[in-house]
Amino acid sequence: MSEGAPGPLLGLGKTELEQWAVAQGQPAFRGRQLHDWLYSKGARSLAAVTVLPSAWRQQLAANLPPGQPDWVGRSRELHRSVAADGTTKLLLATADGLSLETVGIPARDRLTVCVSSQVGCPMACRFCATGKGGLQRSLAVHEIVDQVLSVQEVMDARPSHVVFMGMGEPLLNIDAVLSAMACLCTDLGMAQRQITLSTVGVPKTLPQLAQLALERLGRAQFTLAVSLHAPDQRLREELIPTAHAYPLEALLEDCREYVAITGRRVSFEYILLGGVNDQPRHAEALARLLRGFQSHVNLIAYNPIAEESFQRPSPAAVDGFRRILEDRHVAVSVRASRGLDADAACGQLRRRLGGSLAGDLELA
Ligand code: SF4
C-alpha cells in the first residue's frame with residue numbers, strides 16, 4: 001500500500017505503519033503502537049486497538065475504504081474442524097465473500113501452519129480437491145498473513161513453521177507470497193528457514209523466484225518444495241494436466257538454476273497413489289531421474305477424495321518405495337499423515353461446505 005492510500009493495514013511493516021499514521025495526521029509512534037497490536041496482540045479491528053485515541057478510531061471507522069469492513073484486514077472464521085491428533089482446519093471468509101482453508105498442524109514442539117496462496121487453483125491436479133473448482137482469485141498479502149494469525153489465535157500457540165501448501169499455486173502469486181514471507185519474518189519474527197514454498201511448477205518462474213527472493217528478502221533460505229508426483233513426463237501429465245506445458249527436463253533444469261542462484265537444495269514432493277505411481281519401477285525411475293541432484297524427497301501417502309478413484313497406497317508399498325530410494329542414496333523421508341478425520345486433503349473442507357459464503361451461511 002502506498003503512503004496514505006486506502007487498504008488493509010495487516011501486512012505492512014513498522015516503517016509503513018509509521019508513514020500511514022503520519023499521513024493520517026498522527027505522530028509516527030502511533031504506527032509503532034499499531035504494529036505491536038496487529039502482530040503481537042493479534043488485534044482484529046482498529047476498534048480493539050484501545051491504545052489509540054478513540055476520536056481517531058471513530059474518525060477512521062467513518063472513513064473506511066470501499067469494500068473493507070475494517071482497516072485491519074482480518075478474516076472471519078466460518079468453520080473449524082479439529083482432528084483427534086489436534087490438526088485444526090479453518091474455513092475463513094474474505095472481505096469479498098470468498099472462503100479459503102488454512103490448517104494448523106501440531107507436533108511435539110512444533111506448530112506448522114499450512115497456508116493458501118489463492119482461492120481455488122487453476123492447476124487442476126487430478127488428485128486434489130481444490131483443483132476441481134478452478135481459480136477464483138489470488139490472495140493479497142494481508143489474507144495470507146491473517147491465516148497464520150488465525151491459527152495462532154485458535155490454537156493458542158505461536159506457529160513455528162509455515163508451509164505454502166494449501167489452496168493455490170504460489171508461483172502464480174509470487175509478489176504477494178514474497179511480501180507475506182517478508183512480513184512473517186520481519187513482523188512476526190519467524191526465520192526464513194521455518195518457511196516452505198511448495199509448487200507444482202510454472203514455466204520459467206523458479207529462476208525468477210530465486211532472483212526476487214534475493215532482492216526482496218535479502219537471501220533465499222526458505223525451503224523450495226517441488227511437487228513431482230511422477231518419475232516420467234507421461235505419467236506426470238496424467239496426474240498434473242498443466243505439466244504438458246512444462247517438460248520434466250525443463251522443470252529439473254530450472255530447479256538446478258534455482259540451486260545455483262540460492263545455494264539451497266530443493267525438496268521434491270511425491271504423493272504416492274496406490275497402484276498408480278507407487279510401484280518399485282517408479283521408485284527406481286525416480287532415483288535415476290534425481291541421480292547427482294542436491295535434493296531431498298518427501299513421500300506422502302495420498303488422502304482419498306470423493307471425486308477421484310485414486311487409492312491410498314499400502315504401508316508396504318510406501319515402505320518399499322522409501323527403501324529403493326535409500327538404497328540408491330536418495331535422501332528421503334515419509335511425511336506422516338495428520339488429521340485424516342479433519343478433511344485433511346487440500347480443499348476437502350471447502351468443497352464439502354461449499355466454495356462461497358452462500359453455501360456457508362449456516363456455519364457463520
Ligand atoms: S495440488 Fe496444489 S497446484 Fe495442484 S490443483 Fe491442488 S492446490 Fe493446485
Side-chain angles (χ1 to χ4, degrees), residues 89-92 94 98-103 105 112-139 143-144 147 162-174 176-177 180 195-206 209 223-230 233 235-246 248 251 254-255 266-273 276-278 297-310 312-313 335 337-339 343-353 355:
K89 182 170 275 197
L90 303 178
L91 191 69
L92 303 174
T94 63
L98 300 176
S99 59
L100 61 101
E101 290 182 7
T102 194
V103 189
I105 307 159
T112 300
V113 185
C114 178
V115 295
S116 296
S117 57
Q118 299 183 303
V119 181
C121 182
M123 304 304 276
C125 301
R126 278 189 55 207
F127 47 82
C128 170
T130 297
K132 303 292 168 203
L135 174 70
Q136 288 184 279
R137 70 167 169 84
S138 289
L139 292 174
E143 293 168 321
I144 298 173
Q147 296 174 55
V162 168
V163 294
F164 284 80
M165 292 186 179
M167 298 164 64
E169 165 52 66
L171 293 190
L172 293 175
N173 192 17
I174 289 185
V177 165
I195 298 174
T196 297
L197 185 156
S198 175
T199 176
V200 78
V202 177
K204 305 277 180 228
T205 52
L206 288 177
L209 173 69
T223 297
L224 174 67
V226 175
S227 296
L228 276 185
H229 306 329
Q233 180 66 14
L235 182 54
R236 193 161 190 270
E237 279 184 35
E238 275 179 31
L239 302 175
I240 307 169
T242 54
H244 77 272
Y246 201 12
L248 205 39
L251 171 61
D254 283 349
C255 289
V266 172
S267 281
F268 290 109
E269 309 282 304
Y270 194 105
I271 287 187
L272 290 164
L273 304 158
V276 175
N277 65 353
D278 65 341
V297 174
N298 273 318
L299 300 176
I300 309 138
Y302 172 68
N303 260 348
I305 61 173
E307 297 90 338
E308 287 289 349
S309 56
F310 293 127
R312 201 169 163 77
R335 193 180 302 151
S337 286
R338 302 298 309 272
D343 303 285
C346 171
Q348 281 185 2
L349 178 66
R350 182 169 171 271
R351 282 183 72 75
R352 179 165 65 79
L353 296 176

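First listed ligand is number 1; within each ligand, the first listed atom is number 1. Hydrogens, waters and symmetry mates play no part in the numbers below; they use all other heavy atoms, side chains included.
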Distance filter under 4.0 Å to G131 heavy atoms, resulting ligand 1 atoms:
5 (S)
With respect to atom 4 (Fe) of ligand 1, please indicate if C128 possesses an N, O or S atom at a distance under 2.8 Å.
no
Between S116 (side chain only) and Q118 (backbone N and O only), is there a donor and an acceptor less than 3.5 Å apart?
no
Short side-chain to backbone donor-acceptor contact, D254 and P203, under 3.5 Å:
no
Going by the closest heavy atom to atom 8 (Fe) of ligand 1, which one wins out of C121, A124, G120, S116?
C121
For V119 against S99, the heavy-atom pair lying closest together
CG1-O, 3.5 Å
Where do E169 and S117 land on the side-chain hydrogen bond (donor to acceptor under 3.5 Å, both in side chains) test, with the steps shown first?
CA-CA 7 Å; E169 165 52 66; S117 57; over 6 Å; no
Need the ligand 1 atom indices (1-based, order shown) with element for anything under 4.0 Å from a heavy-atom of G168.
7 (S)
